[in-house]
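Worksheet for the structure shown next.
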Amino acid sequence: MAALLVKNIGMLATPEGRSAKRGKEQGRIRILRNAWILCEDGLIAGLGEGEAPALCGGTPGGGDASGCEVIDAGGRLVTPGLVDAHTHLIFGGWRQYEMEQKLKGVPYLDILASGGGILSTVRATRSATEDELYDKAKQALDEMLSFGTTTCEAKSGYGLDEETELRMLRVIKRLNEDHPIDLVSTFLGAHALPPEYKDDREGFISLLCDKAIPEVANQGLAEYCDVFCEKGVFTAEETRRILLAGQRCGLKSKIHADEIEAIGGSQLAGEIGAVSAEHLIVCPDEGIESMAKGGTAACLLPATSFYLGASFAPARKMIDAGVAVAMATDFNPGSCPCLNMQFVINLGCLRYKLTPEEVLTAVTLNGAAACGRAESRGSIEPGKLADFIIWDAPDLNYICYRLGSNLAWQVVKSGIAVKKNG
Ligand code: IZC
Ligand code: ZN
């Protein structure tokens, strides 16, 4: 049996449960001091305070005869591994050449409307091979792991043709098999209207609903279907049509809603039982109400607000209304080229004004719930995956307060110490 004992943990901070935490519950977490965690066969076998169990008698950093590894955490903080529930992980090229336009104040949607933005990444992605996309995304995953991400959602959406979309989804599948980070796959065929269909919206939407979605579902290449519901991209009615076609094929719904303009995406999310609505920067009260009623999680992306110089989503209002709030990076080559969930933690406190406890739940258990994984991860509890971070930090406040350093000292994925920093 592969076992790992982590002892001498100064503070262990974790939410508890197997579903999203809403309202006041989002800020209620379990704190253990002078704690230990025992992992067996990739799962949490036990945890507690005080003297660690004797069955793992090895020396710190080494192993004993039974193959049990022991890590001395040296009084550090331990939290669950971070769940990054919204990323555009797979793409060709970058968009650094748009910097000049951005600095001149050209809006994100204007860059897209003139054939740049997402469409420029579509050109670069279409011309990349499967192996090129794989290698590039693998490098991103390595960096995410070093920052403490142990599960991430990954979207397609830079192909906008069947061949390239399937290639992107195959890359996600391969990386899920090969890389320590677990991936959750989302089909985002409705990310923009491709140039070939610029005068035929109906043709493109029919292609998605009647051909691409059934094919993706048939090949088992995605668990979620997502739409960029935004002014000048897809309307709320088009979004409804595409997501319901996905639901008929067994794909659960996510929506890019209220990022720049509120055109009904968050209301729709609650109505059709979307698992999550994402962005929600300009989410209206009716959207919050609808999500609370429909049990839709709000997946907020504060690093994107930061990067676009936009306002920040009304996170407190959402928590007060009983909406489960998750937070993720939105890693993508345009509006947020950031892989670092630790920056998201900082912004959750400093800009959303959430408490460190609420932020911890947002980036672990509620992130897991936003991509359908709360049963198996997002908290440190017996039976869950042994995914956690030993931080170069004495307590939870510290990781919210420090800015710009990588504070993940040791990342443990499925009971294996996979990344040692410093
Ligand atoms: O490439 O700009 N918002 N999609 C919707 C994005 C941002 C990604 C991009
Ligand atoms: Zn996105």
Side-chain angles (χ1 to χ4, degrees), residues 84-99 101-102 106-126 128 133 136-137 140 152-160 164-165 168 172 184-194 222 224-234 239 242 253-263 265-266 269 274-283 297-310 313 326-339 341 344 367 370-371:
D84 192 345
H86 182 133
T87 82
H88 301 255
L89 178 69
I90 317 293
F91 54 86
W94 294 91
R95 306 222 290 264
Q96 72 276 28
Y97 48 82
E98 286 176 0
M99 203 65 193
Q101 275 176 293
K102 284 178 183 163
V106 183
Y108 174 87
L109 288 176
D110 289 5
I111 296 176
L112 174 60
S114 66
I118 293 171
L119 293 176
S120 111
T121 302
V122 167
R123 290 188 286 277
T125 306
R126 285 179 177 178
L133 293 175
K136 185 181 170 91
C152 94
E153 185 256 10
K155 303 174 194 295
S156 69
Y158 293 117
L160 310 183
T164 316
E165 288 292 316
M168 294 180 77
I172 295 172
V184 178
S185 178
T186 297
F187 176 57
L188 179 58
H191 195 190
L193 198 65
Y224 288 89
C225 186
D226 191 350
V227 176
F228 188 15
C229 180
E230 184 58 68
K231 187 173 166 224
V233 191
F234 293 99
T239 302
I242 297 163
S253 305
K254 286 177 168 288
I255 308 184
H256 277 70
D258 307 337
E259 178 180 358
I260 297 156
E261 303 247 355
I263 61 160
S266 46
V275 174
S276 64
E278 333 219 322
H279 282 293
L280 304 168
I281 293 175
V282 292
C283 185
C299 186
L300 306 184
L301 311 168
T304 306
S305 287
F306 170 83
Y307 204 81
L308 291 176
M327 299 192 319
T329 59
D330 190 23
F331 173 62
N332 75 74
S335 59
C336 196
C338 169
L339 294 158
M341 283 289 281
V344 170
C371 56

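Atoms within a ligand are numbered from 1 in the order they appear, just like the ligands themselves. Keep in mind the model is a prediction, meaning the values are calculated, not measured.
- Within ligand 1, the atoms closer than 4.0 Å to a non-hydrogen atom of Asn332 are 1 (O), 2 (O), 8 (C), 9 (C), numbered from 1 in the order shown.
- Put simply, OG on Ser185 and CE on Met168 are 10.0 Å apart, with the number rounded to the nearest 0.5 Å.
- Within the 2.8 Å limit, His88 places at least one N, O or S atom next to the Zn ion (ligand 2).
- Under a 4.0 Å criterion applied to the non-hydrogen atoms of Ile118, ligand 1 contributes the atoms 1 (O), 2 (O), 4 (N), 9 (C).
- In Arg95, the part holding a heavy atom less than 4.0 Å from any atom of ligand 1 is the side chain.
- Atom 1 (O) of ligand 1 has Tyr158 OH, 2.6 Å as its closest protein atom, hydrogens excluded (heavy atom only).
- Distances shorter than 4.0 angstrom do not occur between any heavy atom of Thr121 and any atom of ligand 1.
- Nearest protein heavy-atom neighbour of atom 6 (C) of ligand 1: Tyr108 OH, 3.2 Å.
- Atom OD1 is the N, O or S atom of Asp330 at the shortest distance from the Zn ion (ligand 2).
- Our summary of the site lists the angle at the Zn ion (ligand 2) between NE2 of His86 and NE2 of His256 as 100°, to the nearest 10 degrees.
- Taking the six-membered ring where the residue is Trp, Phe228 and Tyr108 present perpendicular rings, their angle passing 60° and hence far from 30°.
- Under a 4.0 angstrom heavy-atom cut-off, Ser335 registers as being in contact with ligand 1.
- Considering only non-hydrogen protein atoms, atom 3 (N) of ligand 1 sits nearest to Glu259 OE1, 3.0 Å.
- Ring geometry, His86 versus His279: the interplanar angle exceeds 60°, so the pair is classed perpendicular (tilted spans 30 to 60°).
- In this structure, His191 is part of the shell of residues with a heavy atom less than 4.0 angstrom from ligand 1.
- Here Phe331 and Phe91 bring their ring centres to under 6.0 angstrom of each other.
- Residues Arg95 and Ser120 bring no donor and acceptor atom of their side chains to less than 3.5 Å of each other.
- Nearest approach of Phe234 to Val227, heavy atoms of both residues: CB-CG1, 3.9 Å.
- Shown are Asp226, Asp330, Asp84; of these, the salt bridge (charged side-chain N to carboxylate O under 4.0 Å, His left out) with Lys155 is made only by Asp226.
- Rounding to the nearest 0.5 Å places CG of Leu188 at 6.0 Å from NE2 of His88.
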